[in-house]
Protein chains: 2
Amino acid sequence: MDTTEQFEKESALSLKLFVVLTRALESIEKQVVNNIKSYGLNLTEFGVLELLYHKGDQPIQKIGQKILLASSSITYVVDKLEEKHFLSRKACPNDRRVTHASITDEGKQLIEEIFPKHAEALNEIMGGLNAKEKELMIDLAKKLGLHAQGL
Amino acid sequence: MDTTEQFEKESALSLKLFVVLTRALESIEKQVVNNIKSYGLNLTEFGVLELLYHKGDQPIQKIGQKILLASSSITYVVDKLEEKHFLSRKACPNDRRVTHASITDEGKQLIEEIFPKHAEALNEIMGGLNAKEKELMIDLAKKLGLHAQGL
DNA sequence: TATAATTAATTCGAAATCGAGATATTTTAA
DNA sequence: TTAAAATATCTCGATTTCGAATTAATTATA
């Protein structure tokens, strides 16, 4: 096989991988969203609350980095969660440009209720793979993500 | 290891897989979107055009099934593409409920220009994995997606 | 120190997506 | 054969996300 052919084959694989991954994640997310929306949250809101619950108070801008969301979008999501009383904004004493988002007791209570069910549902949704395969896929996804991120 | 412990471990893996996959695909899509938007298309529009180019005319509703989009959203996307003269609607002679979407010459020209570059870019974006790993991941993603879809 | 560059959060308008409901047509079944 | 159920598309209003521009505060630099 010459180099051109080699390259064609590799490209076809990359394309295929992209399509298959996209479709798989669409199906998975559809399920997850369904589970979470019965608690009045969307996936982004859940992600933000979960982050605050497990990692503690965060500068608003840090949240955007972790959830991969534009700064204007975080403002919007934090507004929504604040309206629902699941988090509160707290001025940062060191740097007056910064606002911290902090999960409320009500928010904690919600996450403590949702999270185990979310984990269980996710486990069913991911039931197409066994433990070994999941570990394998985690490694592959990490490699893939790291490379793509660094471009 | 007892069954509870087993289950906890499996759940943790599922959770991790979900997070890692989501992050990876976010990074990948960000790159792909950047490449495509320089041609005035978003990812959905590109997907629709590409489908029509490679699979021929399609009933509007079929498009939604393949791209995983709500019927109201397809109407919107097809409107956009029609405005840009990349596709046209054609009444179905057999079933008057149905409208076919058909790629125009202008649309074909665009896809013929974009697609090779898209494939090449995607190949770089996916450069974190070698061919064997890609094949492996394709299989895993297929399994995962099929199972999630069937729930 | 004064000025310039950077950073954090917000506002605003536009785009993309959804779900519920409407309309037209076709298919099923009583 | 007619009435009921199903199907395809579209309209409409609401939600979520984005990018560009704005404001305020901090840090770097001349």
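Here is how names work: the chains are called A, B, and so on, in the same order as the sequence lines, proteins then strands, and each is numbered from 1.
- Residue whose closest nucleotide on DNA chain D sits further toward the 5' end, between A/N94 and B/I74: B/I74.
- With A/I63 as the fixed residue, the side chain to side chain contact (heavy atoms under 4.5 Å, CB included) test singles out one of A/V77, A/L51, A/L69: A/L51.
- For the segment residues 30-55 of chain A, the set of residues with a heavy atom within less than 4.0 Å of an atom of DNA chain D comprises A/N42, A/T44, in numerical order.
- Relative ring orientation between B/F46 and B/F115 is described as parallel, the plane-to-plane angle staying below 30° on a 0-90° scale split at 30° and 60°.
- The two residues B/M137 and A/L21 make their nearest non-hydrogen contact at CE-CD2, 4.0 Å.
- Within a 6.0 Å sphere centred on NZ of B/K84, other residues, nucleotides and ligands contribute more than 12 heavy atoms.
- Residue A/L69 is in sugar-phosphate contact alone, with no base atom involved, counting any heavy-atom pair closer than 4.0 Å across all strands shown.
- Among the protein residues, B/T99 comes within range of the sugar-phosphate backbone only, with heavy atoms under 4.0 Å from sugar or phosphate atoms but none that close to a base.
- Within residues 56-68 of chain A, no residue has any heavy atom closer than 4.0 Å to DNA chain D.
- Look at CG on A/D79: it is 11 Å from C1' on C/dT11, rounded to the nearest Å.
- Picking from C/dT26, C/dT17, C/dA9 the nucleotide with the shortest atom distance to the side chain of A/V98 gives C/dA9.
- Along DNA chain C, the nucleotide nearest to A/Y76 and the one nearest to B/P93 differ in position, and the one closer to the 5' end is contacted by A/Y76.
- From A/L52, atom CG reaches atom NZ of A/K62 across 13.0 Å, with rounding to the nearest 0.5 Å.
- For DNA chain D, the outermost nucleotides in 5' to 3' order that have an atom under 4.0 Å from a heavy atom of chain A are D/dT15 to D/dT26.
- To the nearest 0.5 Å, atom CG of residue B/L110 and atom CD of residue B/E50 are 12.0 Å apart.
- Shown here is B/Q65, whose CD atom has more than 12 heavy atoms of other residues, nucleotides or ligands within 6.0 Å.
- Contact annotation: B/S73 side-chain N/O to C/dT17 OP1/OP2 distance is not under 4.0 Å.
- For A/M126 against B/S14, the heavy-atom pair with the smallest separation is CB-OG, 3.7 Å.
- Heavy-atom contacts from other residues, nucleotides or ligands closer than 6.0 Å to CD of A/E82 number more than 12.
- At C/dT25, one or more side-chain N or O atoms of B/R96 fall inside 4.0 Å of OP1 or OP2 (strictly under the cut-off).
- The aromatic rings of A/F18 and B/H118 sit perpendicular to each other, their planes meeting at more than 60°, with 30° as the lower class boundary.
- Within the nucleic acid shown, A/S71 comes within 4.0 Å of at least one base atom, counting heavy atoms only.
- Summarising the geometry, the separation between CD on A/E29 and P on C/dT17 is reported as 13 Å, rounded to the nearest angstrom.
- The shortest heavy-atom contact between A/G128 and B/K143 is O-CD, 3.7 Å.
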